[in-house]
Each structure stands twice: as structure tokens, then as C-alpha cells.
Amino acid sequence: MTDETGAQLTKAQQIAAELKAAIERGDYGPGDRLPGENALATQYDVASLTARRALKILRTEGLVETKRGAGARVISFHPIRRRGPQRLARGQWGSGKAVWSADDHRAPDVDQITVSEDVAPPQHVSDVLELTPSETVCVRSRRYVMDGRPVMVAESYLPQSLVAGSPITQADTGPGGIYARLADLGRAPARFREEIRVRMPSPEEAARLAIPADRTVIKLARTAFDSEGRAVEINEMTMDSAAYVLDYEFDA
């Protein structure tokens with residue numbers, strides 16, 4: 001058996017592919033338990049270790065969760081469809097809506113948030129925000145949870161001299177969030193740039209997202225620029241790759 005590129009699959013990958021197809025067909029619904037290692041080993045005439053590897057592949061991809069003594073169950077979580085251009089449109093945050101409301105009907109909870117002043121920001125942050133050596137940044141660190149599951153951690157960096165005394169330095173920034181408050185300060189975002197990479201998580205990232213250490217994360221760095229082309233915010237997001245679909249739609 002080969003994959004779509006023609007590469008030969010291992011036996012564990014073949015079993016995982018068949019189980020994944022069964023999940024997608026609806027043979028196993030959310031919360032259903034998959035056959036255990038011994039049952040799969042007998043069904044496919046393989047060693048238990050091979051069956052275990054197949055289930056691990058499904059867990060790494062975010063399709064099942066495994067608990068000792070309970071086997072593997074199909075996860076009921078539906079990935080968030082993140083609609084990039086729509087969520088950042090001025091009509092979204094400018095009207096007091098949360099950028100998340102452009103994604104789907106679900107709203108995430110922020111279960112961890114800290115706001116602090118950093119006197120020694122990362123060099124790339126200082127460079128992009130064009131800070132002098134003595135300037136500090138406001139750092140907003142959040143963890144987002146959807147349906148009880150951590151899906152993203154994010155750190156926003158803004159010049160402290162710009163946002164000092166504003167709601168941006170508070171946990172609750174008010175309707176429209178950071179971008180609406182930047183507009184109140186006369187520095188509304190006029191343009192955004194997003195850079196996307198995929199890599200393995202650090203131990204700290206895996207722990208905060210409660211994901212397996214071998215599941216990839218999406219690293220999305222967004223820079224907001226005002227009408228004069230000056231960077232006013234850098235938002236560095238670490239997302240559970242199994243929790244998101246990145247959706248970009250725009251005119252040709």
C-alpha cells in the first residue's frame with residue numbers, strides 16, 4: 001500500500017490509514033472506542049507493537065485520545081476554521097466584534113492571561129517595532145481554550161510608550177479588542193502581515209497546549225501596521241495543528 005505520493009507505507013501506517021478512513025466514513029463516531037491493540041493485532045496479523053504504533057499515529061494527528069485502561073476513543077472536537085482576511089477586516093474589530101466571531105459560531109475562553117511590561121524584549125520584536133534600546137514593550141500573554149481543550153497560546157507585543165494608561169494594558173481590552181483600542185489611540189491598523197511556519201513544539205508549548213510532544217504546532221506571527229507603515233503590534237501565536245484549518249479567501 002502506498003500514499004498519495006507513491007511512497008510505500010509501513011504496516012502501522014496502513015492500519016492507521018484504514019482506521020482514519022473508517023472514522024471519516026462515520027463507522028466510528030465521536031466518543032466511540034476503536035478496537036484495542038490486541039484486537040487490531042489479530043485483525044491485521046501484526047505484532048501488538050505495530051498496532052500500538054498505528055493508534056499513536058491517530059493520536060498524533062488529533063483524531064483519537066488514548067487513556068491507560070480505556071483504549072482509544074474518537075475525539076469529538078471539530079477543528080476551528082480560521083478565516084484570515086475576514087477576521088482582520090476593519091469592519092470586524094472596528095464595529096466592536098471579536099476577531100474570533102469571523103471564524104465560526106463558537107467563542108473560545110481565555111483561561112490564562114498576563115499583561116506585563118518587558119524591559120528586555122526579544123531583539124526581533126525591538127527591530128520590527130523600531131524601539132530604541134531604552135524602550136520597553138507591553139506583553140499580553142494568553143491561552144485560548146475551545147470546548148474545554150487548549151487550542152492556542154499567544155503573545156502580543158506593543159510599544160509601552162504607545163499603550164501606557166490605555167485598556168490594552170488591562171486584561172479586558174473592551175469591545176473590538178486590541179485593534180479597536182489602537183484606533184482609539186489614533187494608530188489603527190491599516191495593514192497586516194502574517195507569516196506561517198509548522199514545526200515540532202517545545203516541551204513548554206506541548207505542556208501548555210496539552211498535546212503529544214510529537215504533534216506539530218502552527219507558528220503564526222502577525223504584524224499590524226498603521227497608516228504610516230509603522231508596526232504597532234506583533235502577535236506570535238502557537239496553535240495546535242490538529243485544532244485548526246487555516247482558511248484564506250480573497251479576490252484574484
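The residues of the chain are indexed from 1 along the displayed sequence. Just so you know, these numbers come straight off a predicted model, no measurement behind them.
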Is [Y] reachable from [X] through a run of hydrophobic residues whose side-chain heavy atoms are each under 4.5 Å from the next?
X    : Y    : value
L162 : F225 : no
L185 : W93  : yes
V217 : L220 : no
I57  : I15  : no
V151 : I113 : yes

Expected output: side-chain [X] to main-chain [Y] donor-acceptor under 3.5 Å:
X    : Y    : answer
T50  : V46  : no
E117 : V139 : no
S101 : K97  : no
S227 : A190 : no
R53  : S48  : no

State plainly whether the residues [X] and [Y] are in salt-bridge range, i.e. N to O under 4.0 Å.
X    : Y    : answer
R208 : E155 : yes
E65  : R73  : no
R149 : D240 : yes
D226 : R187 : yes
R25  : D27  : yes
E205 : R215 : no
D104 : R81  : no
E195 : R193 : yes

Heavy atoms, side chains only, cut-off 4.5 Å: are [X] and [Y] in contact?
X    : Y    : answer
V137 : L158 : no
I196 : K219 : no
E236 : Y157 : yes
R143 : M152 : no
W100 : P108 : yes
F77  : P30  : no
V74  : L58  : no
V64  : L34  : yes

Measuring from [X]:[atom1] to [Y]:[atom2], what's the distance to the nearest 0.5 Å?
X    : Y    : atom1 : atom2 : value
I23  : L63  : CD1   : CG    : 5.0 Å
I218 : M239 : CD1   : CE    : 5.0 Å
H78  : D147 : NE2   : CG    : 8.5 Å
D118 : C138 : CG    : SG    : 10.0 Å
Q14  : L19  : CD    : CG    : 12.0 Å

Would S116 and R140 count as a side chain to side chain donor-acceptor pair (under 3.5 Å) if you check the C-alpha gap in whole Å, the side-chain angles of each, and the deciding distance to 0.1 Å?
CA-CA 7 Å; S116 60; R140 297 181 55 84; over 6 Å; no
Full working for side chain to side chain donor-acceptor pair (under 3.5 Å) between Y179 and E233
CA-CA 9 Å; Y179 300 140; E233 184 229 20; 2.7 Å; yes
Could you tell me if R82 sits above the aromatic ring of Y244, with its cationic atom closer than 6.0 Å to the ring centre and no more than 45 degrees from the axis?
no
Heavy-atom closest pair, residues [X] and [Y]:
X    : Y    : answer
A51  : A41  : CB-N, 4.0 Å
R106 : P79  : NH2-O, 3.3 Å
P201 : P212 : CG-O, 4.4 Å

Go through Y44 and E18 one step at a time and tell me if the side chain to side chain contact (heavy atoms under 4.5 Å, CB included) criterion holds.
CA-CA 11 Å; Y44 289 96; E18 291 188 20; 2.9 Å; yes
Derivation and outcome, salt bridge (Lys or Arg N to Asp or Glu O under 4.0 Å), residues D103 and R83
CA-CA 5 Å; D103 294 338; R83 297 182 170 92; 5.8 Å; no
Does Y248 have any ring pair (Phe, Tyr, Trp, His ring centres under 6.0 Å) partners at least two apart in sequence or in another chain, and if so, which?
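Scan of Y248 (ring pair (Phe, Tyr, Trp, His ring centres under 6.0 Å), adjacent residues dropped) gives none.
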Determine whether S156 and I178 satisfy the following criterion, side chain to side chain contact (heavy atoms under 4.5 Å, CB included), listing intermediate values before the conclusion.
CA-CA 9 Å; S156 288; I178 290 175; 4.0 Å; yes
Apply side chain to side chain contact (heavy atoms under 4.5 Å, CB included) to residues L49 and E37 and explain how you reach the verdict.
CA-CA 8 Å; L49 179 59; E37 294 175 11; over 6 Å; no
Can you pull out every salt bridge (charged side-chain N to carboxylate O under 4.0 Å, His left out) where at least one residue sits in residues 121-136? Sequence neighbours excluded, please.
none
Taking only residues at least two apart or on different chains, which pairs with a member in residues 162-181 satisfy salt bridge (charged side-chain N to carboxylate O under 4.0 Å, His left out)?
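For residues 162-181: R181-D184.
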